[in-house]
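Take a look at the structure below.
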2 protein chains.
Amino acid sequence: MIRVFIVDDHPVVIEGIHALLQNEKDIEWAGHAMNAASCLGFFLNNTADVLLMDISMPGMDGIELCAIMKQKYPGIFILGLSTFNQGLYIKKMMENGASGYILKNSSKEELLKAIHAVDKGDIFFSGEVSQALQEYQKSSMIQLPMLSPREKEILGLIAEGYTNPQIAEKIFLSSFTVDSHRKNLLAKLNVKNTASLIRLAVERKLI
Amino acid sequence: MIRVFIVDDHPVVIEGIHALLQNEKDIEWAGHAMNAASCLGFFLNNTADVLLMDISMPGMDGIELCAIMKQKYPGIFILGLSTFNQGLYIKKMMENGASGYILKNSSKEELLKAIHAVDKGDIFFSGEVSQALQEYQKSSMIQLPMLSPREKEILGLIAEGYTNPQIAEKIFLSSFTVDSHRKNLLAKLNVKNTASLIRLAVERKLI
DNA sequence: TAAACCCTCACCCGAAACAGTGATTGTTGC
DNA sequence: GCAACAATCACTGTTTCGGGTGAGGGTTTA
């Protein structure tokens, strides 16, 4: 018996999902909440196996609630729920411990498949969602100017917090040379200071 | 009929998987390769639906091969394959476009479940792997000192490349004040310059 | 043999960052 | 009411960064 709880601020969605699951013999309706606070309240005295969670809610959003719930109750598996099929949201939910993600207009079969997979501790995304996720990965990896090996090396050292003179000493170069590479990095990546440089480098996984 | 191809440098693994899949009626053995190069060679004149890929291989590793294959043949779904159950590897494979990840000592049932899910375009991890992934997420999120709202705001602006005077003008503060906050950020997060600060902030998702 | 890079080094200079110190105001919580 | 802290502002240094400019030697490629 899988106890399913749902958090969503749209009554229609709650009712809809409830109706879909009503006749499932191995699924028990644990209840629902319409915001983060009352969800947290429910779990003070109750529990569930699978938590369907809307991503966008008034007050605290699903992303944040997901992190809190997972931290408090690691044994509860969370299934993200959204009308939007946006890679960024999916990724953030996963980073906060969700076990899957489905669209609100999913078919009953997809919903059940996801609930069962998640309840077993598996991680599951339907093809539709997985496509969005992979497209997001791809889009966030658009072409960057090529960096020479030396530049990559120095970029790494900058990111580790070394100053030009320190880098120079470390790899036996003149501090002027290191400075040249540094300026080339700024120019090539089209950023204007160290902060933007490092942010870009980390986000685009250059280091 | 799902055509399955495998890349792994261990003959034992290839044979083992081959044996497991031999009697499956809906699975066709497309072939195998023992390194990245011959895998790429195979797909010049052939194709497959699902590609089982070892993560650690001599020469080019699975992580890199995964990215190349996905870029050349986006329609082929890749299932990571490893003896190690390490979150970092799993995450990297996913970032490079894999659709799932299983352990080499998985049961036949798990293997088949994964292949079928992946072939449909779904993303799937078994419970065992998913646990490793979630523990990895958690471990990379250890306690950080609390930042005040103002500090977070200024941290964000620094990451966007604004200088102290620019930030001061933007949020109507003295440039001295911004500088104070900046110094507090360095002290609280125990880093010594902007580069380390931004790196930490991006990696730990403070911004 | 050019052109196009990469890597190296050099100098000037203004702007920004970083270190240290100290101060006032206001809020929160015990 | 006092301690703790967030938020604000101020001044003085020293160090680092970043813009500009240029130069010489190396390799690869057209």
Side-chain angles (χ1 to χ4, degrees), chain A residues 37 40 59-60 64 68 142-207, chain B residues 60 64 142-207:
Chain A
L40 288 167
M60 186 191 301
E64 201 177 339
I68 296 174
I142 356 175
Q143 289 300 357
L144 281 183
M146 283 299 292
L147 299 185
S148 71
R150 207 44 151 180
E151 284 165 349
K152 282 184 196 162
E153 181 182 14
I154 286 172
L155 176 55
L157 292 168
I158 295 172
E160 284 177 37
Y162 296 107
T163 66
N164 287 345
Q166 287 170 336
I167 295 173
E169 188 191 7
K170 212 171 177 62
I171 58 180
F172 309 109
L173 281 183
S174 156
S175 151
F176 292 116
T177 307
V178 177
D179 196 44
S180 292
H181 287 305
R182 190 178 195 129
K183 285 169 187 166
N184 286 337
L185 282 165
L186 294 179
K188 276 193 180 179
L189 297 174
N190 195 33
V191 290
K192 47 191 237 309
N193 58 27
T194 301
S196 325
L197 174 69
I198 297 303
R199 183 186 183 180
L200 179 68
V202 176
E203 285 181 344
R204 304 291 277 278
K205 308 195 191 306
L206 298 176
I207 46 179
Chain B
M60 186 191 303
E64 201 178 339
I142 357 173
Q143 289 299 16
L144 282 182
M146 282 298 294
L147 299 185
S148 71
R150 206 45 150 180
E151 284 165 349
K152 282 183 196 162
E153 182 183 12
I154 286 172
L155 176 55
L157 292 168
I158 295 173
E160 284 178 37
Y162 295 106
T163 66
N164 287 345
Q166 287 170 338
I167 294 173
E169 189 190 8
K170 212 172 178 62
I171 58 180
F172 309 110
L173 282 182
S174 155
S175 150
F176 293 116
T177 307
V178 177
D179 196 45
S180 292
H181 288 303
R182 189 176 196 130
K183 286 169 192 163
N184 287 335
L185 282 166
L186 294 179
K188 275 194 180 180
L189 297 175
N190 194 32
V191 290
K192 48 191 236 308
N193 57 26
T194 301
S196 324
L197 174 68
I198 297 303
R199 184 187 183 178
L200 179 68
V202 177
E203 284 181 345
R204 304 293 276 278
K205 308 195 193 304
L206 297 176
I207 47 178

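Predicted model, so just to flag it, every value in this text is computed and none were measured. Numbered from 1 within each chain, the chains take letters A, B, ... in sequence-line order.
Atom CD of A:E169 sits in a sparse spot, with 12 or fewer heavy atoms from other residues, nucleotides or ligands closer than 6.0 Å.
Rounded to a whole Å, the NZ atom of A:K183 is 16 Å from the P atom of D:dA23. Rounding to whole angstrom units, CG of residue A:D179 and C1' of D:dT15 are separated by 13 Å. One interatomic measurement links the two molecules: CZ of A:R182 to C1' of D:dG19, which rounds to 14 Å at whole-angstrom precision. In this entry the distance linking CG of A:L173 with C1' of C:dT8 reads 8 Å, nearest Å. Rounded to a whole Å, the CG atom of A:N184 is 13 Å from the C1' atom of D:dG20. Whole-Å rounding puts the A:L185 CG to C:dC5 P distance at 17 Å. The nearest whole Å value for the distance from the CZ atom in B:F176 to the P atom in C:dG22 is 17 Å.
Considering A:I154, A:L157, A:I171 in turn, A:L157 is the only one that fulfils the side-chain contact (heavy atoms from CB on, under 4.5 Å) rule with A:Y162. Test A:T177, A:D179, A:V178 against A:H181 for side-chain contact (heavy atoms from CB on, under 4.5 Å) and you get one pass: A:T177.
When the nucleotides C:dT8, D:dA6, C:dC11 are ranked by their closest atom to the side chain of A:H181, C:dT8 comes out on top.
Between the side chain of A:K192 and the backbone N or O of B:G161, at least one donor-acceptor pair lies under 3.5 Å. In this structure, the side chain of B:E151 engages the main chain of B:S148 through a donor-acceptor pair within 3.5 Å.
At a non-hydrogen distance threshold of 4.0 Å, nothing from residues 193-207 of chain A comes into contact with DNA chain C. Listed by residue number, the members of residues 146-171 of chain A with any heavy atom below 4.0 angstrom from DNA chain D are A:T163, A:N164.
In this structure, the separation between CG on B:L155 and CD on B:E160 is 10.5 Å, given to the nearest 0.5 Å.
Heavy atoms only, all atoms of each residue included: B:A159 and B:I207 are closest at CB-CD1, 3.4 Å. Annotation for A:A168 and A:S174: closest pair CB-C, 3.8 Å, computed over non-hydrogen atoms.
The side chain of B:T177 contributes an N or O atom lying less than 4.0 Å from OP1 or OP2 of D:dC9. Considering only side-chain N and O atoms, A:K192 lies nowhere under 4.0 angstrom from the phosphate OP1 or OP2 of C:dA15.
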Report the C-alpha separation of A:R182 and A:I158 in whole Å, then their side-chain angles, then the decisive distance to 0.1 Å, and conclude whether the side-chain contact (heavy atoms from CB on, under 4.5 Å) test is met.
CA-CA 9 Å; A:R182 190 178 195 129; A:I158 295 172; 3.7 Å; yes

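Residue B:S175 is the one, among A:S180 and B:S175, whose nearest nucleotide of DNA chain D lies closer to the 5' end (criterion: closest heavy atom).
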